[in-house]
Amino acid sequence: MSFFSLFAGFMLILFVSCADDDSASSSSPAAESSSRTIVAFYSPNGIGDLSYGDAISLALHKIALAHDFNLIENCPENWEYADIYADINFTTIPAEKRLYIFCDTGYRSILEKYRAQIETNGKDVLMFDSRNVNLGQNIHTVCLPLYGIAYEAGVLARELVDGNDMIDIIIGDGKNSLLKDATIAFMEGLGERNGRTEILTLNELSEMSETDGYNMSSVLYWNYTTQITEKRKNGTGVASLILPLCGGSIHGIFRWNRDYGDESSYTIGMDTDMSAYTKRVPYSLVKNFTPAFELCLGQWIKGELPQHQTLGLKDGFTELVLSPAFKDRLEEKLSEIHHEAIEKEENYEADK
C-alpha cells in the first residue's frame with residue numbers, strides 16, 4: 001500500500017462550523033463545543049456498510065454540524081492499521097479538547113495496549129456499545145443494550161410465522177455479549193414452539209475467508225440462494241424469519257429477499273430503519289445514535305462523563321420500528337408488550 005493510501009485511510013478531517021451558538025439548548029453539547037474535536041475510530045472497513053458504521057458516522061456528522069465540533073474519522077483497512085492510527089493519536093497528537101470515540105469493542109486490546117499513554121497524556125476516550133468498566137481511569141464506556149427490543153422482536157415474530165416454521169438467528173461475532181443478550185431475549189419473546197431455531201455464527205466461518213462476520217454479505221446471499229434451490233429440488237425447508245445480528249452482512253440477505261420475493265424469509269432490520277431495502281422487513285431494531293452521542297458529548301464538555309452508563313429502551317435510545325406495511329398488523333401487539341419489555345431489560349441489565 002502506498003503512503004498516500006495509508007494517509008488517506010488514516011483520517012478524514014472535517015472542520016465544520018455551521019451552527020449558531022445561540023441555538024444550543026442546555027441539554028445539548030452547547031455553544032462551548034466550539035474548537036473541540038471528536039475523533040472517531042470505526043471498525044475496519046466499517047464505513048460503507050449501510051448499517052452500524054454508517055449510522056454512527058451519520059449521527060456524528062449531524063452533531064458536528066449542529067454544535068460546531070470538528071470531526072476526524074478513522075476507518076482502517078484492518079486491525080494492524082487500526083493499531084497504527086491509535087499509536088499516532090495517543091503518542092504524538094496533543095489531547096486538548098479531544099474526545100476519542102471507539103465504535104467497535106474490537107479496539108479493547110488496543111486501548112489496553114495504550115492505557116499508560118492515555119492516562120499520562122490526559123486523553124479522554126469513550127468506547128461505544130461496551131460493558132467493560134475497568135479499562136482505565138480516562139476510558140469511559142456506554143452501552144445501548146438490545147435486550148428490550150429483541151424481546152419485542154421475538155414476541156412479534158409469533159404474529160408473523162407459524163409455530164412449526166424454522167427461524168434463523170445469524171450472529172456476526174459469537175464473542176459479542178450484546179449479541180448474545182439479544183439472542184437470549186429474542187428466544188424468550190418467541191417462547192415455546194415446535195419449529196426449529198438455528199443459530200449461525202459468522203466469525204466462525206470467517207477464519208476460512210480472512211474477513212469478519214460483519215462483512216460477509218456474499219456468503220449469506222449464496223447460503224440462502226442455495227437453500228432456495230434445495231427447497232425447489234428436494235422440498236427441504238427454508239427459514240420463515242431471520243434475525244440478522246451481523247452488521248453489514250445483512251445486505252446479502254436483503255439482496256436475496258429482493259431476488260426471491262415472497263419465497264424468501266421475513267428479515268428483521270438492524271441498527272437503523274431498514275424497511276426501504278426490501279418489502280420482507282416487518283420491523284427494525286433501531287439504535288438512536290444521535291441523542292446517545294449528544295448526551296455523552298454534553299457530559300464530556302461539563303466534565304461529567306460517567307465511567308460507564310447504559311442507555312436503553314426506557315429512555316428511547318433503542319426502539320423497535322415497525323415498517324409501514326406491517327403497522328396495522330403489529331402496532332397493537334407492540335404497544336401491549338412495550339412496558340413489559342422495558343421491565344425485562346432493566347432487570348436483565350441490573351444482573352449484569
Side-chain angles (χ1 to χ4, degrees), residues 50-52 54-56 58-59 128-129 142-161 165 167-172 176-191 193 197 239-251 253-254 257 265-293 310-349:
L50 300 177
S51 182
Y52 186 85
D54 284 355
I56 288 179
L58 177 61
F128 198 72
D129 259 349
V142 61
C143 173
L144 273 63
L146 290 165
Y147 197 94
I149 52 177
Y151 174 79
E152 292 178 333
V155 174
L156 294 185
R158 301 201 305 256
E159 306 292 314
L160 295 172
V161 300
D165 289 346
I167 291 176
D168 283 355
I169 300 174
I170 302 172
I171 300 176
N176 187 304
S177 65
L178 295 181
L179 302 187
K180 291 179 181 179
D181 296 343
T183 302
I184 293 169
F186 180 79
M187 295 293 289
E188 182 183 357
L190 201 56
R193 56 191 308 275
T197 301
S240 295
L241 183 140
I242 301 172
L243 173 64
L245 304 165
C246 54
S249 297
I250 194 174
H251 288 281
I253 306 174
F254 287 160
N257 287 147
S265 311
Y266 288 120
T267 304
I268 299 172
M270 290 300 302
D271 300 318
T272 63
D273 181 357
M274 292 185 162
S275 58
Y277 286 108
T278 163
K279 66 178 183 179
R280 301 299 286 168
V281 174
Y283 44 82
S284 300
L285 308 189
V286 172
K287 294 191 173 187
N288 291 317
F289 295 115
T290 300
F293 280 121
T310 299
L311 309 175
L313 181 60
K314 179 180 179 180
D315 296 311
F317 291 102
T318 62
E319 64 177 320
L320 187 148
V321 176
L322 297 174
S323 300
F326 290 83
K327 279 190 175 181
D328 289 345
R329 185 175 177 182
L330 300 174
E331 196 165 33
E332 183 177 348
K333 187 65 176 180
L334 178 60
S335 177
E336 178 185 315
I337 63 172
H338 184 64
H339 291 294
E340 179 187 5
I342 290 172
E343 184 176 336
K344 284 183 176 293
E345 179 173 275
E346 290 186 324
N347 291 339
Y348 187 83
E349 289 298 318

Does N347 CG have over 12 foreign heavy atoms under 6.0 Å away?
-> yes
Does the side chain of C246 reach to within under 4.5 Å of the side chain of M270, using non-hydrogen atoms?
-> no
Of the non-hydrogen atoms in E345 and G312, which two are nearest, and what is the gap between them?
-> OE2-CA, 3.5 Å
Within a strict 4.5 Å, meaning less than it, do heavy atoms of the D181 and L146 side chains meet?
-> no
Taking every heavy atom of S323 against every heavy atom of S275, the minimum-distance pair comes out as OG-CB, 3.2 Å
Check L320 against A153 and note the closest heavy-atom contact, atom names and distance.
-> CD1-N, 3.6 Å
State, yes or no, whether a side-chain contact exists between I167 and S240 at a heavy-atom distance under 4.5 Å.
-> no
Side-chain heavy-atom pair Y277, T267 within 4.5 angstrom cut-off = no
Test L285 against L243 for side chain to side chain contact (heavy atoms under 4.5 Å, CB included), laying out the working first.
-> CA-CA 10 Å; L285 308 189; L243 173 64; 4.1 Å; yes
Where the side chain of N288 meets the backbone of G316, is there a donor-acceptor pair that is under 3.5 Å apart?
-> yes
Close side-chain approach of I184 to Y348, heavy-atom, < 4.5 Å | yes
Nearest-0.5 Å distance, CD1 of residue I337 to CD of residue E152 | 5.0 Å
From CG (L190) to OG1 (T183), nearest 0.5 Å = 12.0 Å
Could you tell me which non-hydrogen atom of P282 sits nearest to which non-hydrogen atom of F326, and how far apart they are?
-> CA-CD1, 3.5 Å
Side chains of E346 and L313: closer than 4.5 Å at any heavy-atom pair?
-> no
Which pair of heavy atoms, one from L144 and one from L178, lies closest together, and at what distance?
-> O-CD1, 4.4 Å
Where do F186 and T197 land on the side chain to side chain contact (heavy atoms under 4.5 Å, CB included) test, with the steps shown first?
-> CA-CA 11 Å; F186 180 79; T197 301; 5.5 Å; no
Answer yes or no: is there a side-chain heavy-atom contact under 4.5 Å between M187 and I169?
-> yes
Please assess Y52 against F289 for the test ring pair (Phe, Tyr, Trp, His ring centres under 6.0 Å), listing each intermediate value before the final yes or no.
-> CA-CA 10 Å; Y52 186 85; F289 295 115; 5.5 Å; yes
Quick check: are there more than 12 heavy atoms from other residues, nucleotides or ligands sitting under 6.0 Å from CD of E343?
-> no
Between I253 and I170, does a side chain to side chain contact (heavy atoms under 4.5 Å, CB included) hold up when you go through it step by step?
-> CA-CA 11 Å; I253 306 174; I170 302 172; 3.6 Å; yes
Could you give the distance from CG (D168) to CD1 (I242), rounded to the nearest 0.5 Å?
-> 5.5 Å
Taking it one step at a time, do L322 and L156 satisfy side chain to side chain contact (heavy atoms under 4.5 Å, CB included)?
-> CA-CA 10 Å; L322 297 174; L156 294 185; 4.0 Å; yes
If you measure from CD1 on I149 to OG on S284, what distance do you get to the nearest 0.5 Å?
-> 10.0 Å
Qualifying residue for side-chain hydrogen bond (donor to acceptor under 3.5 Å, both in side chains) with K287, from T272, D129, D271, T318 = D129
Side-chain donor-acceptor contact under 3.5 Å, E188 with Y147 | yes
Taking all non-hydrogen atoms of both residues into account, name the closest pair between E349 and P145 and its distance.
-> OE2-CB, 3.4 Å
R329 side chain to E159 backbone, donor-acceptor under 3.5 Å | yes
Heavy-atom distance under 4.5 Å between the side chains of L311 and V142, does that happen here?
-> yes
Interatomic distance, L334 atom CG to K327 atom NZ [nearest 0.5 angstrom] | 10.5 Å
